[in-house]
Each structure stands twice: as C-alpha cells, then as structure tokens.
There are 2 protein chains.
Amino acid sequence: MPVELRPTQALRLWHDVTLDLVRDGEHDLSARQMAVLLTVYLEMPPHTVRGLAAKLGVTKPAITRALDTMGRLGLVSRHRDAKDRRNVVIQRTVAGALAVERLGDLVIARHRELPF
Amino acid sequence: MPVELRPTQALRLWHDVTLDLVRDGEHDLSARQMAVLLTVYLEMPPHTVRGLAAKLGVTKPAITRALDTMGRLGLVSRHRDAKDRRNVVIQRTVAGALAVERLGDLVIARHRELPF
DNA sequence: CTTAAATAGAACGGGTCCGAAACGATCGCG
DNA sequence: CGCGATCGTTTCGGACCCGTTCTATTTAAG
C-alpha cells in the first residue's frame, strides 16, 4: 500500500498522465468513454448498457454512443444476451485490453517519477 | 515518496477518479481542457496560446477554443501582454484554483482507498 | 517608411456528442 | 394469447470541437 500522496504530487500525476494521453492522441476518448472502458475491464462481467448508464449516472443513449465509438476503435464488442435477448452484453477485446494495459503503464511510470 | 504502484492499483485509481469526475458532471472538461487547466495551474507562468499549443502538441485554434470554454466556466482568464501586445497571457482564477484543488483531493482520496 | 515575421483569433465545412422522445424487439405474467 | 414492462437503439434539433485557412494586430528588421 502506497503512502499518502501530497496535493502537489496528486495533481502532478494527473497532469502528467493527461498530457501523455493528449500528446499521443491515439485514443482521444472522452471522460465518459474512459470511464466505460475502465469499468468494463476492471469490474466483474456481465456489463449491460443499462448497468453502465446507472453506474456512470448518464442516459442510456450516451452509453450506446460511447459503445459505438469504442466499437469502431475496436476497444469493446457487443453481443446479444442469449438468455434474455433484450440485453446487450459488452465484451472485452484484445485491442481494448492492450490499451488499458498501456494506460496502466503510463500511470505507473508517471507515479514513479513523482518528486519528493 | 510513495512506493511503486501495481498495475491493478494504477488502473483502479484512474478508474475511480474518472468515474467521480463523470458522476459529478460539474466540469465536463475534455482531455485537452484538463491538460490546459493543470498546466496553467501547475507550471510556471506566463502561459501563452502558442506555448500551450506546443506543449500539448495541438493547433492554436484548439487552444483558443479550449480557453473560450474554460473562460466561460470561469476557470481561467485572458489578458493582453502589455510588453508584447501580440501575446495573450492566460491567468488563474479563484474558481479555477478551487476546481484544481478539488481534483487533487479526489485523487488523494481515491489513492488512499486503494486495496493492497 | 516599408516589409516580413509572429501572434491570436475568426470563418468555414465536417464531424461528434448531448438529452428527450419515440420506436421495435423481447420478456414476464395473467 | 394479450398486454404492460423492460431494454437497447434511433431520431431530432442544438451545441460544441476539429483542423485548415484566412484575417487583424503588432513587432522587428532593413
């Protein structure tokens, strides 16, 4: 367990990682899309549109649109639930797992470089 | 200086804070706007449009538009440089400082709650 | 004084995202 | 079967952001 972060360090960490994301420009994900991506890859499946909408506190169409974009980027995929065909299950992809992994590396690297 | 973060912890931290930002919905800043905000509040003044554009690796109009929006939200303010009247200096505001401070608290809180 | 360079911003066309409302498909239940 | 509830998506009008290009202002150099 890390020790307590000081305010300057916390903000410097957020700044550095955000700057890396902007500069690489590869993803260009909005905050909502980032929240969806990480929720899908960190929390227990299954993930549905409704569940994500509730978790993020946004409307369902917002989730649908986020999934459209992220699907286009290959970060997630959608499949009808065979048990209840009204539901759509969001699944992980190789590209998505790689993107998440890279983000993790970024955070770790910037965290390691924090000044005393 | 904190100890090394593990991948799971790094991603959990990013996820939790992002989710907080989405849920509060107060800011709704894009990644670029967030990068501008933190750069202005963490790095040494003065900050110009051109300097920020170079630092973030984006075009000048993108910075101008980001400043438009953030000015509307009261997070930053713009003033002509008296020395060289071609330049515009970006300055901090009380509201901006408060928003940055709240973000810092958020990161610290989520960091403190990280599981072992 | 004239001219070239530098700076921020405006205009434009194209794209994305927003919430509200409506829609179609599917399920559960009587 | 029939009918209301649930789920995801689509549509709509409006707002915002993108990069490119152009403009206005100001400075610096010859």
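In the text below, chain A, chain B and the rest are named by the order of the sequence lines, each starting its count at 1. This structure is a prediction, so every number in the text was calculated from the model and none was measured.
- The separation between A:I90 atom CD1 and D:dG8 atom P is 7 Å, rounded to whole Å.
- Rounded to an integer number of Å, the gap from CE of B:M70 to P of D:dC16 is 16 Å.
- Regarding A:I63, its CD1 atom lies at a distance of 14 Å from the C1' atom of D:dC7, rounded to whole Å.
- Atoms CG (A:L52) and C1' (D:dC7) sit 13 Å apart, rounded to a whole Å.
- Nearest-nucleotide positions on DNA chain C place A:S30 closer to the 5' end than the other of A:S30 and A:D81.
- Not one side-chain nitrogen or oxygen of B:R32 sits closer than 4.0 Å to the OP1 or OP2 atom of D:dC16.
- Residue contacts for A:R65: at a heavy-atom cut-off of 4.0 Å it reaches a base atom on one of the strands shown.
- No path of Ile, Leu, Val, Met, Phe, Trp and Tyr side chains, each step under 4.5 Å between heavy atoms, connects B:Y41 with B:L98, placing them in separate hydrophobic clusters.
- The NZ atom of A:K60 sits 10 Å away from the P atom of D:dT9 (whole-angstrom rounding).
- Residue A:R85 has no polar side-chain atom (N or O) positioned under 4.0 Å from OP1 or OP2 of D:dG8.
- Across the protein-nucleic acid pair, A:H79 atom NE2 and D:dT9 atom P stand 12 Å apart, rounded to whole Å.
- Taking atom CG on A:L29 and atom C1' on D:dC17, their separation rounds to 16 Å, with Å as the unit.
- B:T39 and A:H15 are linked by a side-chain donor-acceptor pair at a separation below 3.5 angstrom, with hydrogens and angles left out of the test.
- A donor-acceptor pair is defined here as one N or O able to donate and one able to accept, closer than 3.5 Å; no such pair exists between the side chain of B:E113 and the backbone of B:R110.
- Between B:V88 and B:H79 the shortest side-chain heavy-atom distance does not fall below 4.5 Å.
- Between B:Q33 and D:dC17, a side-chain N or O to OP1/OP2 separation shorter than 4.0 Å is present.
- Nearest-nucleotide positions on DNA chain C place B:V49 closer to the 5' end than the other of A:A66 and B:V49.
- B:R78 has a carboxylate O that lies under 4.0 Å from a charged side-chain N of B:D68, or vice versa, which qualifies the two as a salt bridge.
- No side-chain donor-acceptor contact under 3.5 Å links A:R112 to the backbone of B:E4.
- Counting to the nearest Å, the P atom of D:dT9 and the CG atom of A:D68 are 7 Å from each other.
- Taking every nucleotide of DNA chain C with any atom under 4.0 Å from a non-hydrogen atom of chain B, the first and last of them, 5' to 3', are C:dA6 to C:dA10.
- Nearest heavy-atom pair, A:A10 versus B:G104, reported as atom, atom and distance to 0.1 Å: CB-O, 4.0 Å.
- Within the nucleic acid shown, A:T69 comes within 4.0 Å of sugar-phosphate atoms alone, with no base atom in reach, counting heavy atoms only.
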